[in-house]
Amino acid sequence: MSRETVINWVLGLGLLAVPFIALMQGEPFYITLATRVAILALAGVGLNLALGLGGMVSFGHAAFFGIGGYAAGILATHAFNQEPLLAWPLTVSGSSDMLVIWLVAIAICALVALVIGAITLRTSGVYFIMITLAFAQMIYYFAISWPAYGGEDGLSIYVRNGFPGLNTLDPIQFFLICYAVLMACLFISARLRDSRFGAALQVARQNPDRLAATGIAPFNIRLVAFVISAAMTGLAGALFADLNRFVSPSMLSWHVSGEIMIFVILGGVGRLFGPLAGAALFIVMEFYLGGITEHWQLFLGIILLCVVLFVRGGILGIMAGRRVHA
Amino acid sequence: EPVKVGMITTLSGGGSGLGVDVRDGFLLAAKMAGNKDLEVIVEDDARKPDLAVQIADKMIQKEKVDVLTGIIWSNLAMAVVPSAVGQGVFYLSPNAGPSMLAGKGCHENYFNVAWQNDNLHEAMGGHANSAGFKKTFILAPNYPAGKDALTGFKRFYEGDVADELYTKLGQTDYAAEIAQIRASGADSVFFFLPGGMGIAFMKQYAQSGVDIPVMGPAFSFDQGILGAVGDAALGVKNSSQWSKDIDNPANKAFVEAFKAEYDRLPSLYASQGFDTANLILSAMKKADVKDADAFRAALKDAEFDSVRGDFKFDSNQHPIQDIYVREVVKEGDVLTNKIIGIGLEDRSSAYVEDCKL
Amino acid sequence: MPDAAPVLELKGLRKSFGALKATDDVSLDVRPGEIHALIGPNGAGKSTLIHQVAGSLTPDGGEVRFNGADISGLTVAQRVRRGLGRTFQVSSVAPEFSALRNVMLSVQSTQGSSFRFFRPVMRDRSLVDAAMDKLALVDLAERANVVAAELSHGERRQLEMAMALALRPKLLLLDEPMAGMGPEGSKNLTGFLDELRNEVPILLVEHDMEAVFSLADRISVLVYGSVIASGSVDDIRANKDVREAYLGGED
Amino acid sequence: MLLQIEGLQSFYGRSQALFGVNLAMEEGEVVALMGRNGMGKTTTIRSLCRIMPYRHGTVRFLSHDLGVMRPHRVARLGIGLVPEGRRCFPNLSVHENLVVAARPGDWSLERVGRLFPRLRERHSQSASTLSGGEQQMLAIGRALMTNPKLLILDEATEGLAPVIRQEIWAAVRELKGEGQSILIVDKTLKELMQLADRCTILERGMSVWDGTPADLGEDIQDRFLGV
Amino acid sequence: MTLALLIEQLLNGIQFGVMLFLMAAGLTLVFGVMGLINLAHGSLYMIGAFLCASVALATGSFWLGLAASLAGAAAAGAVVEIVVIRRLYDRDHLDQVLATFALILIFSEGTRWVFGSFPLYLDIPQALQGAVALPGGAQYPLYRLSIIIVGVLIAIGLYLLISRTRLGMRIRAGESDREMIGALGVDIRTLYTVVFALGAALAGFAGALVGAIQSVQVGMGEPVLILAFVVIVIGGIGSIKGALIGAILVGVVDTLGRILLPELFGLFMGPSQATSVGSALASMAIYILMAVILALKPQGLFAAGAQ
Ligand SMILES: Nc1ncnc2c1ncn2[C@@H]1O[C@H](COP(=O)(O)OP(=O)(O)OP(=O)(O)O)[C@@H](O)[C@H]1O
Ligand SMILES: Nc1ncnc2c1ncn2[C@@H]1O[C@H](COP(=O)(O)OP(=O)(O)OP(=O)(O)O)[C@@H](O)[C@H]1O
Ligand SMILES: [Mg+2]
Ligand SMILES: [Mg+2]
């Protein structure tokens with residue numbers, strides 16, 4: 001087992017252990033914190049697919065995070081108020097079943113990503129960064145000024161959506177759902193990375209001309225990866241909405257795109273468990289520093305700066321050493 | 001019986017001045033009361049809804065607070081309040097008053113100690129009538145609070161609207177809007193542009209040489225912000241439920257104590273924080289916080305000396321109060337406000353009927 | 001053999017960059033079993049021509065026919081799938097992948113769709129074995145697990161050749177394969193190409209005259225974008241214009 | 001002594017590329033650095049220009065120890081590099097490429113123009129659109145404009161048409177005639193042997209042979225250069 | 001709407017554009033020329049505004065404040081370059097993103113610590129108060145006119161600096177091949193410190209100038225940052241001309257969008273709905289503009305070195 005694999009196991013099991021330890025210590029809040037880490041890590045895992053493997057530095061993943069969130073919020077609201085979502089041409093009602101919501105979130109994010117990707121993937125480098133931001137900002141401003149679902153005030157989910165056979169209001173059970181989804185997506189990411197598709201995707205990042213000269217069109221590969229990436233981040237958004245029982249345009253703001261990106265970079269770009277390590281460190285720092293001093297952002301900044309300057313390749317870079325490509 | 005209060009407010013980034021004032025007002029009241037049983041923990045939400053939710057969870061689950069308060073912004077309140085009151089704690093709003101929470105979404109554990117969001121705008125509509133304005137140009141940012149503001153203004157305003165403009169949230173340049181105002185032939189301007197937007201608008205308005213009278217809610221003319229707007233604000237009429245020259249003993253004591261403690265003049269937000277703390281203190285005298293029903297009833301009685309004078313709760317647990325009209329004046333070197341009249345008397349909120357309490 | 005139908009046929013190809021005619025009405029063909037060398041001064045438009053054949057540049061006019069079909073409208077990737085393999089003038093590999101994984105990518109492409117998401121490639125013997133074969137063919141088997149970025153200049157050229165061969169091309173476009181190779185490397189590669197021509201016809205761009213003269217069945221000389229001479233090795237050596245424009249005083 | 005390299009060892013990350021290179025040259029000499037592919041010629045040059053750090057050994061240039069200097073200091077001592085792969089600045093014009101790092105001395109725009117008339121014709125063309133040969137001339141001209149005491153040519157004739165190659169060799173010969181010290185790496189032995197005063201051969205990152213071209217027999221060529 | 005008003009609004013748009021250029025000028029320099037993604041540009045802008053405001057308050061002179069903002073921002077830039085940025089040139093762009101994001105946090109919170117949570121007062125200098133009469137009767141604030149002039153002068157100055165001076169050549173050479181320009185004897189490290197400090201000074205200068213007509217508060221740099229990036233990406237990275245034209249385009253589209261879109265929708269919708277839809281669309285206008293431009297020209301309008 002390589003050093004990275006060991007660290008991955010430690011990270012994965014460590015996250016799983018936190019809520020149970022918290023429960024034993026009688027500190028249920030840490031369950032919520034662990035859930036938050038799991039969900040935001042999931043958003044990072046999604047972005048990591050595009051950014052780490054495919055080299056697509058999307059500064060607009062908040063769009064998918066937010067759309068996932070709104071999918072959950074809107075469906076739940078309609079279910080709660082028992083108003084149909086669509087009355088014509090066919091009746092579509094809301095839902096408070098997580099499975100349904102996830103499917104909808106994934107489908108909508110994939111669709112939106114397909115459209116955005118088809119346009120944005122013609123650009124590269126900083127232009128790609130900015131055009132993805134542009135789309136996210138459009139959606140952000142749309143959400144702020146669109147009155148139907150609360151606009152800037154957001155939308156509350158009064159009762160957390162349900163999952164067949166589980167009580168989602170129990171923090172531990174909700175955590176386990178999120179954890180399971182995270183692990184499933186990590187597993188999918190790992191398989192993707194090692195698959196033929198993953199090989200092509202990684203070459204699309206390293207040298208797109210080479211990929212084309214091998215008979216594989218980089219555009220198609222990237223587009224599919226972008227869609228999968230968006231779907232995962234959207235799923236995270238749906239879970240995040242359920243965690244907070246609230247969605248608002250702030251989920252769509254560029255700060256969120258930046259934060260997700262920071263989880264990935266902090267953890268180690270392209271490393272499977274990088275987003276988990278990054279999200280955990282960031283959130284724990286935010287949590288502890290916020291409790292200690294009003295000037296916590298200053299210290300957060302200094303710590304982040306030290307990490308970039310002195311730790312090459314993020315947390316996993318320093319713990320697991322240089323990446324090896326067999 | 002000790003009461004633990006968790007204050008979630010904005011202490012960093014843009015808009016942190018408001019949070020700082022609410023906190024300082026609150027802590028001042030606690031200090032003046034000298035009640036050892038009131039324990040307050042304060043944390044910064046950085047104006048991020050999800051961070052606010054996280055802190056609320058932490059305060060409820062880990063710190064086991066009895067009362068939450070402190071949130072400045074409506075969108076953060078909407079994120080935190082429903083789930084917090086759902087978990088059985090009390091929430092006392094020292095600033096935001098979204099219509100949802102005043103109407104359909106009201107809750108027995110939610111009290112608003114400031115105002116319903118529309119109140120100050122409504123009062124300005126009332127003032128526009130009494131000032132004799134016939135054609136007012138109104139503008140606000142394009143988001144729910146902005147729309148509520150213009151709706152609120154129009155609710156009592158009887159004249160014509162020259163034009164209605166929604167600006168971009170966070171916009172910093174208003175040359176185009178000012179040109180529209182000049183061209184519209186309006187006899188007055190009503191605007192709601194909170195924070196930096198209002199500062200930028202007022203400065204640019206003054207620089208443009210347009211001299212149509214301007215009015216707005218207190219948010220753009222309050223103590224914390226007046227210094228930054230500068231002389232451009234002189235003479236502007238604004239509406240507020242509080243002013244430092246309201247003549248009652250509680251207010252006098254508050255203003256003096258605040259100046260002594262923090263070496264600056266108190267603001268609207270400081271007064272709201274101050275009142276919130278005193279409301280809690282008054283309830284603590286009457287009931288044990290562990291007895292939720294009794295404590296709720298005690299809060300509802302609101303038997304404390306509000307710095308704004310008479311204060312009582314309507315059935316939706318939002319204040320019924322006078323909204324004053326103030327004018328920006330200069331006292332020595334310092335810009336401040338002076339009450340010139342009352343915009344609306346004993347105003348409750350437009351959404352009371354929707355509330356099933 | 002010279003009478004067999006050409007594999008590649010260029011008809012009246014034209015390409016300008018602004019006022020510069022980089023390709024000026026070029027027609028030439030490559031027939032089965034032959035090495036057709038394309039020589040010419042620097043900046044004559046040889047790489048530009050290769051780019052147009054490969055599809056990474058769109059010609060302003062003219063036709064590119066491959067195995068009898070017009071492929072002008074196809075993308076780079078589509079042409080490769082039809083059997084048009086190439087190497088780049090400046091080595092182009094996936095720098096973070098090992099030599100083996102670089103070649104595996106080519107093999108993967110010949111096996112069909114890359115939209116297979118689940119099976120780990122390294123456990124796919126059909127990919128690994130075929131790639132190892134190609135690496136052995138270019139004498140790079142020992143370096144199979146070295147990351148491409150760490151290969152020396154010459155080794156990277158060998159790798160690129162292996163990748164091109166792994167595509168099982170029906171025609172190879174080689175842009176200066178000898179560049180950067182030492183005398184020994186050039187000798188080996190010359191021997192290798194000599195044998196290869198029986199399997200795959202080659203369009204060869206090269207400045208190493210020793211290699212060109214020993215390998216080429218036919219030579220075309222490009223100057224200022226147009227073909228000024230075409231013929232056998234001896235024809236070209238004897239051609240006065242070519243000596244002046246390209247070969248210089250060299251014997 | 002113009003340049004003296006002793007026991008030079010260099011690394012790319014963790015992998016060692018040079019294991020002990022020795023080389024010495026006098027003012028006015030032309031020295032050829034030879035060896036098969038990947039033997040460390042370019043690495044030696046990069047180390048001596050301090051573009052990459054070296055771990056062991058000493059490099060002295062005009063009795064300055066280069067071990068502690070940053071690249072631009074080394075260059076200012078009088079080392080002019082024509083690197084492998086030309087590396088002209090593509091977004092600068094020919095003229096700008098020449099003057100961007102020029103330092104005063106005998107070599108001026110005019111004199112470079114006389115050496116390479118082609119460059120004078122392309123004066124304001126962007127370097128990215130030059131042909132390979134022109135770029136090579138530009139790289140040499142650019143190095144000369146810094147008025148170096150030592151000119152280093154790394155594979156200056158790679159990828160050039162025979163006729164241009166001859167032009168470059170003629171230019172190098174002209175430089176030698178003027179007493180310019182030159183360190184050359186090149187594939188074509190024939191011209192190199194005519195020009196060089198001395199040769200040093202590298203094998204697996206070590207200098208293994210040193211002598212005049214006349215001493216460079218068939219057996220040595222066969223053993224170290226694979227000819 | 002009358003034609004005169006339309007023309008006035010067009011002018012407002014152009015003027016807003018030039019102001020955007022002023023904010024973006026330093027960013028173009030650092031981003032286009034050094035290839036560095038500097039998210040902390042907005043923070044330097046904020047520092048400039050705060051320095052100007054506090055010095056102006058203490059001394060009573062806007063001009064002293066302006067000088068302080070130039071000097072202070074340049075110094076801050078130089079320190080940041082030496083301590084942080086210098087270590088990141090040969091790293092991934094992503095490390096630069098993370099590092100400069102951390103700088104935003106540090107600068108914002110540091111500024112709040114030093115200057116407090118409340119907005120500061122900064123007014124336009126006495127000499128530039130008042131308005132000039134435009135042909136056609138409209139009044140135009142003198143200060144805004146000055147900003148336009150300064151913006152255009154900076155554009156010209158930067159253009160000349162980059163394209164005509166040896167310093168500019170070296171910067172551009174360093175952009176394409178840092179190692180090589182060093183090997184030719186140019187002290188690229190110091191050069192980059194100077195360039196970064198210059199970019200910072202421009203940011204600080206813009207902060208001070210624009211701060212006088214907007215609000216000087218913590219967080220004022222963030223919207224500017226995004227807008228500045230939009231501007232230089234639309235124009236094409238590395239092109240000063242592109243940045244200026246991009247800025248004006250953004251300014252005009254934004255301004256006219258705000259004014260015209262609600263009226264446009266008013267033609268076939270009820271007034272309140274039209275205002276609402278029109279304003280919503282207007283907030284998105286510049287992003288739509290950017291997306292359309294990049295979709296059609298993936299390298300921006302005036303990409304340097306596009307093929
Ligand atoms: N994108 C481009 N824009 C403008 N000119 C170009 C472009 N690409 C190539 N050229 C010009 O076209 C001409 C032909 O270039 P090409 O690379 O095809 O030459 P070549 O024959 O391969 O030369 P070499 O032997 O040096 O590789 C050159 O003058 C070159 O400067
Ligand atoms: N960037 C690099 N990273 C790791 N190893 C490298 C790198 N560049 C070169 N090497 C290794 O260093 C050794 C010496 O390479 P160098 O480029 O100095 O050889 P050379 O003699 O110039 O060869 P050539 O004739 O091919 O140019 C080679 O074994 C090569 O694999
Ligand atoms: Mg070529
Ligand atoms: Mg070499």
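In this text, all values refer to a predicted model and were calculated from it rather than measured experimentally. Proteins come first, then strands; the chains are lettered A, B, ... in the order of their sequence lines, and each starts at number 1.
Atoms CG and OG, from B/Asp21 and E/Ser117 in turn, are 8.5 Å apart once rounded to the nearest 0.5 Å. To the nearest 0.5 angstrom, B/Gln171 atom CD is 7.0 Å from E/Phe16 atom CZ. Between E/Tyr140 atom OH and B/Ser208 atom OG the span is 11.5 Å, to the nearest 0.5 Å. Between B/Asp173 atom CG and E/Asp254 atom CG the span is 9.0 Å, to the nearest 0.5 Å. Here E/Ser215 contributes atom OG and B/Met202 contributes atom CE; the two are 13.5 Å apart, rounded to the nearest 0.5 Å.
Neither the backbone nor the side chain of E/Thr111 has a heavy atom closer than 4.5 Å to any heavy atom of chain B. Residue contact with chain B, scored on non-hydrogen atoms closer than 4.5 Å, involves the backbone and the side chain of E/Ala280 alike. Neither the backbone nor the side chain of E/Met220 comes within less than 4.5 Å of any heavy atom in chain B. When heavy atoms are compared at a cutoff of 4.5 Å, E/Leu120 approaches chain B solely by way of its backbone atoms N, CA, C and O. Within the 4.5 angstrom heavy-atom criterion, no atom of E/Gln129 approaches chain B. With a threshold of 4.5 angstrom between heavy atoms, B/Ala179 approaches chain E through its backbone and through its side chain. For B/Asn142, the part lying under 4.5 angstrom from a heavy atom of chain E is the side chain only. In this structure, chain B has a heavy atom under 4.5 Å from the side chain of E/Gln15, while its backbone stays farther away.
Among E/Ile124, E/Leu142, E/Val210, the residue with the largest count of heavy-atom pairs under 4.5 Å with chain B is E/Ile124. Among E/Ala53, E/Ala212, E/Pro262, E/Ser108, the residue with the largest count of heavy-atom pairs under 4.5 Å with chain B is E/Ala212. For chain E, the option among B/Ala176, B/Gly17, B/Ala206, B/Gly227 with the highest count of heavy-atom pairs below 4.5 Å is B/Ala176. Ranked by heavy-atom pairs under 4.5 Å with chain E, the first of B/Ala200, B/Gly224, B/Ala228, B/Gly195 is B/Ala228.
Residues B/Gln180 and E/Leu5 meet the side-chain proximity criterion, which asks for heavy atoms closer than 4.5 Å.
Counting all heavy atoms, side chain and backbone alike, B/Val229 lies closest to E/Tyr121 at O-CE1, 3.8 Å. Residues B/Gln204 and E/Ile213 come closest through the heavy atom pair NE2-O, 2.8 Å. Shortest non-hydrogen contact noted between B/Ser12 and E/Glu109 is CB-OE1, 3.3 Å. Across E/Arg258 and B/Tyr174, no two heavy atoms sit closer than the pair NH2-CA, 4.4 Å.
Formation of a donor-acceptor pair under 3.5 Å by the E/Arg112 side chain with backbone atoms of B/Leu11 is found in this model. Side chain of B/Lys203 to main chain of E/Leu122: a donor-acceptor pair is present (N/O by atom type, distance under 3.5 Å, no hydrogens or angles).
E/Gln214 and B/Thr172 form a side-chain donor-acceptor contact under 3.5 Å, judged by distance and modelled atom types alone. For B/Gln207 and E/Arg144, the side-chain atoms include no donor-acceptor pair closer than 3.5 Å.
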